[in-house]
Amino acid sequence: MPPRHLADLDLAGRRGAVAGLGEKEYRAGQLSTHYFGRLVRDPERMTDIPAAARSRLTAQLLPTLLTPVRELSCDDGRTRKTLWRLHDGSLVESVLMGYPDRVTVCVSSQAGCGMACPFCATGQAGLTRNLSTAEIVDQVVSFAGLAASGALPDCPDRLSRVVFMGMGEPLANYSRVIDAVRRLTEPAPGGLGLSARHVTVSTVGLVPAIHRLAGEDLPVTLALSLHAPDDELRDELVPVNQRWKVAEVLDAAWSYAAGTGRRVSIEYAMIKNVNDQPWRADLLGRLLAGRLAHVNLIPLNPTPGSRWDASPKPVEREFVRRLRAAGVPTTVRDTRGREIDGACGQLAAAAVSRPTGPGRGPGEMASRSERKAAQ
Ligand code: SAH
């Protein structure tokens with residue numbers, strides 16, 4: 001695990017840690033205000049703390065957790081993707097997406113992923129390790145600082161949404177992800193003060209963890225990566241379906257919706273000739289009609305060497321039409337970052353297989369369309 005960081009601790013824990021370093025407890029609040037309130041982590045700018053205390057406190061409670069290895073941007077700087085190296089050399093990615101009315105960060109919750117979905121680049125590599133709470137939070141705080149600096153043209157300065165749709169299965173790193181959500185939603189100086197409704201946790205469908213999440217009193221938006229309405233196909237596309245079947249995972253989603261009043265987002269990657277048939281649209285429509293749910297279709301972002309491709313647009317349109325005819329609200333995710341290896345894990349995979357070197361600039365990574373533009 002990485003060194004301890006203030007974002008691993010709640011405010012009371014930070015006070016205790018600061019006292020343990022022989023400093024006044026109120027320094028914990030000052031340090032937290034810099035980090036969460038002002039998005040500052042440079043000790044030079046923390047002029048309300050005496051210099052000696054400042055360097056001791058920042059060394060002990062604000063260690064560098066994420067080192068940027070590669071930073072890519074497109075959409076006139078409104079989409080930015082960073083590949084980070086963690087203290088042990090693991091690589092994770094985060095994406096920042098600016099829109100006229102909101103700024104969203106897509107974060108990783110694990111280095112790698114153990115869920116083995118065959119269309120996902122991260123799934124191919126397996127799980128390296130869980131991220132710590134602070135490693136998750138710091139991805140958000142880094143990008144919040146970038147947004148606050150006015151770096152995103154014609155977008156708000158304030159980061160407003162976080163989606164756990166980067167690398168990893170968030171509910172397989174449950175306690176750290178929940179702690180991270182608490183840090184993101186507590187008002188400053190405890191945390192970043194985002195609305196829980198604007199935090200989306202996306203899962204393959206770990207049923208017990210969905211039930212547990214419903215009991216947390218944290219009304220985050222749940223996204224369920226369904227990708228097929230029938231067990232036969234979902235067993236292949238989302239292998240955890242072999243453990244918890246479509247009916248069971250949807251039941252868990254409906255109890256989450258009932259408990260929180262939050263509409264569940266059903267994620268469905270459109271894969272040509274695999275899951276995009278009209279009969280599957282109709283079956284999906286029957287499963288979801290009348291439920292507190294909407295469907296988010298994601299054009300497949302083919303991973304390198306993949307045998308699968310995105311569905312053609314007319315097929316996608318027919319799929320949407322049938323779902324809507326069944327009364328199910330449906331949107332197609334807008335594609336962002338098409339030049340920057342946007343899909344889950346692609347940048348990390350590219351960094352491993354094509355180490356940085358002369359002529360390995362962002363332009364060369366161009367090609368894949370991306371699906372990461374969550375609301
Ligand atoms: N493990 C979580 C969150 C990470 S991935 C989950 O599975 O929900 C976020 C979303 O991106 C998931 O719906 C995932 O299935 C989808 N995804 C992964 N690779 C993709 C690809 N190549 N093209 C389109 N969607 C992809």
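The figures here come from the full heavy-atom set of this structure, side chains too, leaving out hydrogens, waters and symmetry mates. Numbering of ligands and ligand atoms starts at 1, following listing order.
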Under 3.5 Å, side chain of T79 to main-chain N/O of D75, donor-acceptor pair present? no

More than 12 heavy atoms of other groups within 6.0 Å of K272 NZ: no

Please confirm whether E267 comes within less than 3.5 Å of ligand 1 when only nitrogen or oxygen atoms on both sides are compared. no

Give a yes or no on whether the backbone of R161 and the side-chain of R102 come within a donor-acceptor separation of less than 3.5 Å. no

Please confirm whether the backbone N or O of E71 pairs with a side-chain atom of R80, one donor and one acceptor, at under 3.5 Å? no

Proximity flag S109 to ligand 1, non-hydrogen atoms under 4.0 Å: no

If I apply the N/O under 3.5 Å rule, does F119 come out as touching ligand 1? yes

Decide whether the shortest distance between a heavy atom of M115 and an atom of ligand 1 is less than 4.0 Å. no

Before signing off on this row, confirm whether S202 and ligand 1 have an N or O atom pair separated by under 3.5 Å. yes

So if I count the atoms of ligand 1 from 1 in the order they appear, which ones are less than 4.0 Å from some heavy atom of V204? 6 (C), 7 (O), 8 (O)

Per-residue contact class, T203 against ligand 1 - non-hydrogen pairs under 4.0 Å: backbone

Which of the numbered atoms in ligand 1 are under 4.0 angstrom from any heavy atom belonging to F164? 3 (C)

Aromatic rings Y268 and F319: how do their planes relate, parallel, tilted or perpendicular, breaks at 30° and 60°? tilted

Using a strict cut-off of 4.0 Å, indicate which atoms of ligand 1 neighbour a heavy atom of S225. 6 (C), 7 (O), 8 (O), 12 (C), 13 (O), 15 (O)

May I ask you to decide if L62's main-chain N or O and H5's side chain share a donor-acceptor pair within less than 3.5 Å? no

I'd like to check which ligand 1 atoms, numbered from 1 as shown, lie under 4.0 Å from a non-hydrogen atom of C120. 18 (C), 19 (N)

May I ask you to check whether G168 has an N/O atom sitting below 3.5 Å from an N/O atom of ligand 1? yes

Can you tell which part of H227 has a heavy atom less than 4.0 Å from ligand 1: side chain, backbone, both or neither? side chain

Do any N or O atoms from the side chain of Q124 and from the backbone of C120 form a donor-acceptor pair under 3.5 angstrom? yes

So CD of Q60 and CG of L21: to nearest 0.5 Å the spacing works out to 5.0 Å

